[in-house]
Amino acid sequence: MIPYGRHFLDEDDVQAVVDLLRRGPLTQGPMVEVFEAAVAEYVGADYAVAVASCTAGLHIAAAAAGMGRGDRLVTSPITFVASSNAGLYNNGKVSFADIDPETVNMSPDALGAVLDATDDTRVVMPVHFSGLPCDMPAIRARANEAGAAVIEDAAHALGGSYEDGSMVGSCTHSDMAVFSFHPVKLIAAGEGGVVTTNDPEMYRRLLRLRSHGINKADDPYEMPELSVTDGMDNPWYYEMQELGYHYRITDIQCALALSQFRKIDRFIARRRELARAYDAALEGHPVFRPAQPMGRDRSGHHIYVVRGDWEAAGISRAEIMTRLRAREIVTQVHYIPVPAHPYYRSLGFDPSDYPESMAYYEQALTLPLFYALTDDEQAHVIRSLDDVLP
C-alpha cells in the first residue's frame with residue numbers, strides 16, 4: 001500500500017536512539033538543547049524551544065504573545081484544527097480569514113477585512129499550507145496595523161523559504177514560528193514540535209509555559225529571599241511563576257529528530273523532485289490540476305494536493321479514492337475547513353462565509369508524497385489517476 005505520507009528511518013536513526021537509551025538521560029537532558037540549537041541555526045532564529053507536539057507549541061506561543069480571555073486569534077479555515085484551537089485553549093475568540101484560491105494560503109486582503117471589522121485581535125496565525133510560505137510581508141503589515149502578534153503555523157513548512165531568501169522559522173516577518181515533527185512531516189521525532197523566536201522575553205516565557213510555569217535555568221526569582229540560607233544558594237530551589245503545562249519533549253525524541261535533521265537537504269530535494277514530476281504529468285490534464293503550482297523551490301512540500309473537476313470526471317471524489325485504494329494507493333483530503341466542523345458550527349460559524357475555502361475543499365485531493373516514494377511508485381499513482389476515471 002502506498003500511503004499519502006510516510007516517515008523514513010535508516011540505521012543511523014536507530015543507532016542514535018539506541019545510543020541515547022544506553023547513556024541517558026531519557027528526558028530533561030542535554031539532547032533537547034542540542035536539538036534546539038540545530039533547529040535555530042538551520043532556520044536562522046535566535047531561540048528555539050522544543051515541545052511535545054506542534055499543537056502544544058501553538059498553544060503556548062499564543063499564550064507567550066499575551067493572548068487571554070476576550071482576545072481574538074485569526075487564522076486560515078484550511079488548516080488542521082490545532083491552529084484555531086490555540087486561541088480557544090487561551091480562553092480567547094477565533095476568526096477566520098479566507099484563503100487565496102491560487103496559493104491556498106491566508107489571503108492578506110481577507111485578513112485585512114477581518115481586522116478592520118474587529119478591534120480585539122491579539123494573534124494572527126497564518127498557515128503555510130502544504131509547505132508553501134504565505135505572503136508574510138503583507139500579513140505582517142496588516143497585523144502591525146492592528147497591533148497583533150504574528151505566529152506562523154509552520155507545521156508543514158520546515159525547509160521552506162520566503163522570496164527574500166530567509167528561512168521559514170527565522171521570524172523575519174513574525175514573532176514566533178511553530179514546526180511539527182510528526183512522522184508524516186519532513187523530519188520525524190515520533191511526536192514533537194519546536195517554537196522559534198528572536199524575542200528573549202518570549203523565549204523565557206515559552207520555557208516556563210512548557211514546564212508547569214517553571215524555568216530553572218535563568219529566570220530572576222520573584223522571592224529571592226527564599227533561595228538562600230545563611231548567604232548560601234539553596235540548590236533545590238525553584239519557583240512556579242505562572243500556570244504552565246507539561247509540554248516537554250523527551251531526549252529520546254530529540255535524538256531521533258537530530259539524526260533525521262542531518263538528512264534534511266536530501267529529504268527536501270527529493271520531495272521537490274517528486275512535486276515537479278507530478279506537475280509535469282498533470283499539465284493540461286482534463287480533471288486534475290496542481291493546487292499550488294508555484295513556489296516549488298521555496299516550499300517544504302509536506303503534501304501534494306490536486307484540485308479535481310469531478311463533474312468533468314463523471315465520478316465522485318469518494319469513488320475515485322476508493323478505486324485508487326483498490327490499486328493500493330492511499331489518498332486523503334487536507335482539510336475539512338475548520339468552520340465546517342460540528343464544534344465550530346456550535347460556536348456560530350457558518351462555512352459558507354468562506355467561499356474560497358469551501359470551493360477548494362470540494363475539489364481537494366492529496367496524492368502520495370514522501371521521501372521514500374520511488375519513481376515507479378509515483379508513475380503507478382499517475383497512471384492510476386487516468387485508469388480510475390470512467
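Everything numeric in this text was worked out from a predicted model, so none of it was measured. This chain uses plain numbering: 1 for the first residue, then up along the sequence.
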Path from [X] to [Y] over hydrophobic side-chain contacts below 4.5 Å:
X	Y	result
Leu282	Ile2	yes
Leu365	Leu369	yes
Leu20	Ile249	no
Leu111	Tyr354	no
Val194	Ile60	no

Distance-minimising heavy-atom pair for [X] and [Y]:
X	Y	answer
Ala312	Val287	C-CG2, 4.5 Å
Arg205	Ala63	NH1-O, 2.5 Å
Val123	Ala65	CG2-CB, 4.0 Å
Ser84	Val94	O-CG2, 3.4 Å

- request: Quick one: name the residues clustered hydrophobically with Ile214, using the 4.5 Å side-chain heavy-atom rule over I, L, V, M, F, W, Y, and just say none if it's on its own.
  value: Tyr238, Met240, Leu243
- request: Hydrophobic side-chain clustering at under 4.5 Å (ILVMFWY, transitive links): who's grouped with Val228? Put none if nobody.
  value: none
Got a donor-acceptor contact below 3.5 angstrom from the [X] side chain to the [Y] backbone?
X	Y	result
Gln241	Pro220	yes
Arg296	Gln292	yes
Arg69	Asn91	no
Ser299	Gly295	no
His301	Gly131	no
Asn90	His59	yes
Arg270	Leu373	yes
Asn105	Leu132	yes
Arg271	Gly300	no
Gln253	Glu191	yes

Just how far is it from atom [atom1] of [X] to atom [atom2] of [Y], taken to the nearest 0.5 Å?
X	Y	atom1	atom2	value
Asn198	Met176	CG	CE	11.0 Å
Tyr89	Tyr245	OH	OH	11.0 Å
Ser170	Asp46	OG	CG	10.0 Å

Would you check if [X] and [Y] make a side-chain contact, meaning some heavy-atom pair closer than 4.5 Å?
X	Y	value
Val178	Val195	yes
Asp279	Pro293	no
Met321	Val333	yes
Leu389	Ile320	yes
Val338	Thr79	yes
Thr75	Val127	yes
Leu385	Leu324	yes
Tyr4	His334	yes

Residues Asp12, Arg262: salt bridge by 4.0 Å N-O rule: no
Qualifying residues under side chain to side chain contact (heavy atoms under 4.5 Å, CB included), relative to [X], sequence neighbours excluded:
X	answer
Leu9	His7, Asp13, Leu256, Gln260
Met223	Glu225, Leu226, Tyr237, Glu239
Glu319	Ile315, Ser316, Arg323

query: Which class fits the ring pair His285 and Phe288: parallel under 30°, tilted 30 to 60°, perpendicular over 60°?
result: tilted
Derivation and outcome, side chain to side chain contact (heavy atoms under 4.5 Å, CB included), residues Tyr360 and Val305: CA-CA 10 Å; Tyr360 160 81; Val305 182; 3.5 Å; yes
query: Can you list the steps and then say if Asp164 with Ser166 is a side chain to side chain donor-acceptor pair (under 3.5 Å)?
result: CA-CA 6 Å; Asp164 62 9; Ser166 59; 2.6 Å; yes
Just list the side-chain donor-acceptor pairs under 3.5 Å for residues 30-42, sequence neighbours left out, or say none.
from	atom 1	to	atom 2	distance (Å)
Glu36	OE2	Ala50	N	2.8
Glu36	OE2	Arg210	NH1	2.8

message: Run the side chain to side chain donor-acceptor pair (under 3.5 Å) test on Asn234 and Thr229 for me, step by step, so that the C-alpha distance in whole Å, both residues' side-chain angles and the decisive distance to 0.1 Å come before the verdict.
response: CA-CA 6 Å; Asn234 295 330; Thr229 301; 2.7 Å; yes
message: Among residues at least two apart in sequence or on other chains, which ones pass salt bridge (charged side-chain N to carboxylate O under 4.0 Å, His left out) with Asp265?
response: none
Residues two or more places apart in sequence or in another chain: which of them pass ring-ring contact (aromatic ring centres under 6.0 Å, His included) with [X]?
X	result
Phe349	Phe96, Tyr344
His380	none
Phe80	none

Counting only pairs under 3.5 Å, give me each side-chain donor-acceptor contact of residues 146-160, with atom names and distances, residues two or more places apart or in other chains.
from	atom 1	to	atom 2	distance (Å)
Glu152	OE1	His128	NE2	2.8
Glu152	OE1	Tyr162	OH	2.1
Glu152	OE2	Tyr162	OH	3.4
Glu152	OE2	Ser174	OG	2.5
Asp153	OD1	Ala155	N	3.2
Asp153	OD2	Ser83	OG	2.5
His156	ND1	Ser130	N	2.8
His156	NE2	Tyr335	OH	3.0

task: Show the numbers, then the answer: is there a side chain to side chain contact (heavy atoms under 4.5 Å, CB included) between Phe370 and Val184?
output: CA-CA 8 Å; Phe370 49 92; Val184 296; over 6 Å; no
- request: Is it possible for you to check whether Arg317 lies under 6.0 Å from the centre of the six-membered ring of Tyr361, through NZ or CZ, and within 45° of that ring's axis?
  value: yes
query: Which pairs pass salt bridge (charged side-chain N to carboxylate O under 4.0 Å, His left out) with one or both residues in residues 129-149, sequence neighbours excluded?
result: Asp109-Arg142, Arg140-Asp175
message: So, applying side-chain hydrogen bond (donor to acceptor under 3.5 Å, both in side chains) with Lys93, which one of Asp71, Thr118, Asp120 is it?
response: Asp120
message: Just by distance, no angles: are the side chains of Thr197 and Asp199 close enough, under 3.5 Å, to form a donor-acceptor pair?
response: no
